[in-house]
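Positions are given from 1 along the sequence.
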Amino acid sequence: MARDSPNEDDDHENLIHQNKDKSASFRIEELQSPIRRRFSKGHYLFAAIVTVISLVATIYLFFSSKICGTTSDRIKESQLRALYLLNKQRSSLFDLWNHTFGTSNNITAVRFDQIKASLLDQITLNRHIKDTLLSTENGTVSVPIVNGSEICRKIDPKSSKRRTIEWKPDPNKFLFAICLSGQMSNHLICLEKHMFFAAVLNRVLVIPGSKFDYQYNLVLDIEHINECIGRKTVISFENFMELKKNHARIDKFICYFSIPLPCYTDEDHLKQLKSLGISMGKVETAWKSEDIENPSPKTVKDVEEKFGTKEDVIAIGDVFFANVEKDWVLQPRGPIAHKCKILIEPSKLILLTAQRFIQTFLGSGFVALHFRRHGFLKFCNAKKPSCFYPIPQAADCIRQMVEKANTSVIYLSTDAAESETSLLQSMLVMNGKTIPLVKRPPRDSAEKWDSLLYRHGLDGDDQVEAMLDKTICAMASVFIGAPGSTFTEDILRLRKGWETASSCDEYLCHGEEPNFIAGDK
């Protein structure tokens with residue numbers, strides 16, 4: 001079936017945001033003001049919660065035996081297990097009571113967050129008790145839980161002040177970015193660090209072309225960077241060569257790393273540059289013993305001293321592993337002053353395609369999972385403990401997150417084999433219902449969600465596909481990432497910049513908010 005060809009203006013219209021269900025069976029936030037306002041009320045409230053949870057579980061215990069009308073071994077086992085969980089819950093609740101309310105009459109915001117987190121853990125445990133009590137040979141009865149929006153709150157990026165640098169380049173001074181380490185995700189991180197270097201050195205950044213690097217204009221909105229900063233700060237390789245009348249010269253080529261190879265490059269890459277009409281002098285190294293395996297912390301002053309020069313065109317490479325002003329560079333929205341949410345973001349075509357896919361297959365509330373497997377076994381097993389998990393363990397961690405987020409669908413971004421994803425899907429069952437794993441389907445001319453990429457000849461491009469995956473994950477309600485993956489880090493960068501990051505975002509089976517640092521392998 002042939003695709004329709006609507007007007008180009010219609011293609012670039014933004015989608016209407018879907019309304020989210022704001023109802024909740026139990027609202028934790030409503031407890032905040034009474035607890036902070038008056039300590040005595042906090043005691044009564046907490047005691048009431050303990051009583052209600054215990055009472056509900058006891059009622060379930062009583063009626064489960066009446067309803068079943070049998071004393072089978074299965075029911076006895078479920079009840080004994082439930083009694084064990086009740087005792088465990090009672091102990092945890094009283095421990096929370098003694099350590100929270102027994103020390104001070106003043107409950108700070110931090111203490112309240114601890115109370116809330118602990119109570120949510122106990123509510124989850126209470127759900128497991130109910131499931132155990134209601135277990136039958138035919139499955140498990142579904143019971144309501146706390147609304148995911150109450151647990152997985154959006155992280156407010158405005159809570160901390162950004163430290164920024166103004167990027168005001170001399171229009172006649174250029175920095176040629178050299179990024180050769182790894183795949184596209186590594187190159188994007190390298191490119192972002194080069195932007196910081198260019199801002200420190202007051203230079204226009206030259207983004208490499210497809211003959212030497214990736215074709216960045218397919219996946220990035222390059223002009224968006226200039227618009228956000230309000231001046232010409234980046235230029236494409238093609239425009240740079242036009243400016244230099246196809247006879248450009250790199251006056252100074254400085255390597256950031258010297259080990260294992262200067263600039264983390266070789267003679268073949270240097271020959272490629274020369275074949276593009278670029279001449280250069282001798283390659284230098286900034287530090288004789290700087291090793292990518294153990295990059296030493298550097299400051300802005302170090303950058304100015306080693307790379308500051310009066311030459312018109314300089315090249316610095318490769319800075320992916322560079323450890324320069326880490327806290328400054330890794331801030332949400334980046335280290336450079338600008339008027340947008342984020343500087344480096346996907347192209348408009350990819351953004352619209354991601355929105356259309358979500359509207360078609362996922363809806364407004366979904367969990368995104370980056371499940372990296374290919375080549376990760378050896379990498380993860382070198383870590384202590386390993387970050388490579390068997391499918392059953394991974395499935396258990398994912399189920400817990402879905403329950404916490406209270407969503408019904410998972411978007412799966414993975415390089416895993418079909419045998420692994422099929423097993424994972426078979427094990428993602430909660431309350432007798434399968435939690436669907438949704439992957440982007442192969443192109444079908446009857447579907448319209450990817451028509452923009454098809455019409456512009458971008459469908460099937462590996463880098464476009466990867467960026468589309470990242471964009472969908474960045475728009476999720478909750479994100480579960482792969483520890484140690486730069487693909488995951490790029491998603492986190494987008495989530496923080498777009499303010500979609502959730503307090504429930506975590507590494508798979510790590511139970512903590514991702515805080516992965518660029519350059520970690």
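- Across all non-hydrogen atoms, the minimal contact from Ala416 to Thr421 is CB-CG2, 3.9 Å.
- No donor-acceptor distance shorter than 3.5 angstrom exists from the side chain of His224 to the backbone of Ile344, with no hydrogens or angles considered.
- Judged by distance alone, with hydrogens and angles left aside, the side-chain atoms of Asp213 form no donor-acceptor pair with the main-chain N or O of Pro208 at under 3.5 Å.
- Of the candidates Lys470, Arg495, Lys496, Lys470 is the only one forming a salt bridge (charged side-chain N to carboxylate O under 4.0 Å, His left out) with Asp490.
- Test Phe487, Tyr411, Phe479 against His370 for ring-ring contact (aromatic ring centres under 6.0 Å, His included) and you get one pass: Phe487.
- Applying the disulfide bond (SG atoms under 2.5 Å apart) rule to pairs touching residues 340-373 yields Cys228-Cys340, sequence neighbours excluded.
- Checked against disulfide (SG to SG under 2.5 Å), Cys473 has no partners two or more places apart in sequence or in another chain.
- Around the CD atom of Gln393, the shell of radius 6.0 Å holds more than 12 heavy atoms that belong to other residues, nucleotides or ligands.
- Panel note: side chain Thr500, backbone Met475; no donor-acceptor pair is recorded below 3.5 Å.
- The aromatic rings of Phe321 and Phe257 lie perpendicular to each other, with more than 60° between the two planes, well past the 30° mark.
- Of the possible donor and acceptor atoms, one in the side chain of Arg333 sits under 3.5 Å from a partner among the backbone N and O of Lys341.
- Using a distance-only test at 3.5 Å, with no hydrogens or angles considered, no donor-acceptor pair links the side chain of Gln463 to the main chain of Gln215.
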